[in-house]
There are 2 protein chains.
Amino acid sequence: MSQRTDEALIAMRQISRATASDSRALAKASALSVSQLIALQEINRARAISPSKLATKMSLSRGTMTTLMNKLEARNLVRREADTIDKRRWYFSLTETGQKMIEQAPRMLHEEFSEKFAQLQQWEQAQIISALERIVAMLDAEDIDAAPILDTQEIT
Amino acid sequence: MSQRTDEALIAMRQISRATASDSRALAKASALSVSQLIALQEINRARAISPSKLATKMSLSRGTMTTLMNKLEARNLVRREADTIDKRRWYFSLTETGQKMIEQAPRMLHEEFSEKFAQLQQWEQAQIISALERIVAMLDAEDIDAAPILDTQEIT
DNA sequence: CGGGTTCGTTTGATTTTCAAACCAAATGCC
DNA sequence: GGCATTTGGTTTGAAAATCAAACGAACCCG
């Protein structure tokens, strides 16, 4: 492997480790388990999502997802809605409390980053963004965030 | 917050989510828990590290670290060495088995990335690396990887 | 020496997670 | 239409991960 590739990989690992440990701390700060935090974020992203989908997305089993959702529901962070078409199915979305939870959760690392980033020259910002987007593309991660659109299959 | 900052943040979250879910899958593939995997990586990085340090690094309690290390030791993935100076202290390092474990663990995502990255023009690579390094700096993550140097305080 | 701190372990309990069995709804096939 | 199969979610029972608190041994410092 080329030395350049190495450099890039090292930087990426540093970034991902930094953010990972950030999210651990974040979970702790908001009295959530890491899974719960991730679940909330994921639900927020999808706006509404079924347990199974969420489970595969988070690589957890369906059973685990049941208990996870029950906890979040009990704490009034997510709302459970029945699918009108398929009666086996649920959809979970965030309650306002849940919204607030992840919004005002101190985005410590990202906050700090934002400040520093904002102080860069325009051209520097542009350069960094384009590099980041190249990376996202190379990771095939473009559609991870997708857009605030319902994460379900079309209705036929 | 500026729109540009937003773009950068979105890209970064995509990257970190992609790598996070990668590491979950990775752990599963190598029959390790996520914590165990991270611990191995962390030990590898530091070459040798004490349980407490590792615990704070991973934001786990010392008690948890004890059981975690016992498991890894039982599976012969890490080696426990006594500190000659401070007799309370242990140092953990990877055994050859442990080395192999994390080396040949399919670096799925990163592998794929490497391939694509290697195909870029030199100047593109350079640009991406410099952007990444700016980010690392802004995240104060420069010394996360530090270098393969013993991770202890100087001996006085 | 002696009080305070640090390192790692133990203990007992809680939480997370899983696999397997299960039910109900949907789908497919004849 | 009816029967077998698949799919979405829950339950159950057990294993693994984690924690807080208490502990002993080693260290530190006055």
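Lettering follows sequence order; numbering is per chain, from 1.
Atom CZ in A:Arg88 sits roughly 6 Å away from atom P in C:dA26 (whole-Å rounding). Distance NZ (A:Lys87) to P (C:dA26): 6 Å, rounded to an integer number of Å. Distance B:Phe92 CZ to C:dC7 P: 14 Å, rounded to the nearest Å. With rounding to whole Å, B:Ile85 atom CD1 is found 14 Å from C:dC7 atom P.
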So B:Glu7 and B:Arg4, salt bridge (Lys or Arg N to Asp or Glu O under 4.0 Å) or not? Walk me through it.
CA-CA 5 Å; B:Glu7 288 177 47; B:Arg4 282 229 155 129; 5.3 Å; no
Evaluate side-chain contact (heavy atoms from CB on, under 4.5 Å) for A:Phe117 paired with B:Ile135, printing each intermediate quantity in order.
CA-CA 9 Å; A:Phe117 184 82; B:Ile135 294 171; over 6 Å; no
Between A:Leu77 and A:Gln36, does the side-chain contact (heavy atoms from CB on, under 4.5 Å) criterion hold? Intermediate values first, please.
CA-CA 10 Å; A:Leu77 297 173; A:Gln36 289 175 342; over 6 Å; no
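In terms of phosphate contacts, A:Ser33 brings a side-chain nitrogen or oxygen within less than 4.0 Å of OP1 or OP2 of C:dT16.
Electrostatic pairing of A:Lys100 and A:Glu103 does not count as a salt bridge here, judged by no charged N lying under 4.0 Å from a carboxylate O. Between A:Lys116 and A:Glu112 there is a salt bridge, with a side-chain nitrogen of the basic residue lying less than 4.0 Å from a carboxylate oxygen of the acidic one.
Nearest nucleotide to the A:Ser35 side chain, out of C:dG8, C:dA25, C:dT17: C:dT17. Checked against C:dA26, C:dC18, C:dG8, the side chain of A:Leu60 finds its nearest nucleotide in C:dC18.
Heavy-atom contacts from other residues, nucleotides or ligands closer than 6.0 Å to CD of A:Glu81 number more than 12.
Of the inter-residue distances, the one linking B:Ile102 atom CD1 with B:Arg45 atom CZ reads 7.5 Å to the nearest 0.5 angstrom.
At a non-hydrogen distance threshold of 4.0 Å, B:Arg62, B:Gly63, B:Thr66 from residues 62-71 of chain B come into contact with DNA chain C.
In 5' to 3' order, the nucleotides of DNA chain D bounding all contacts with chain B (an atom under 4.0 Å from a heavy atom) are D:dA16 to D:dC27.
Within the structure, salt bridge (charged side-chain N to carboxylate O under 4.0 Å, His left out) contacts touching residues 63-72 of chain B (residues at least two apart or in different chains) do not occur.
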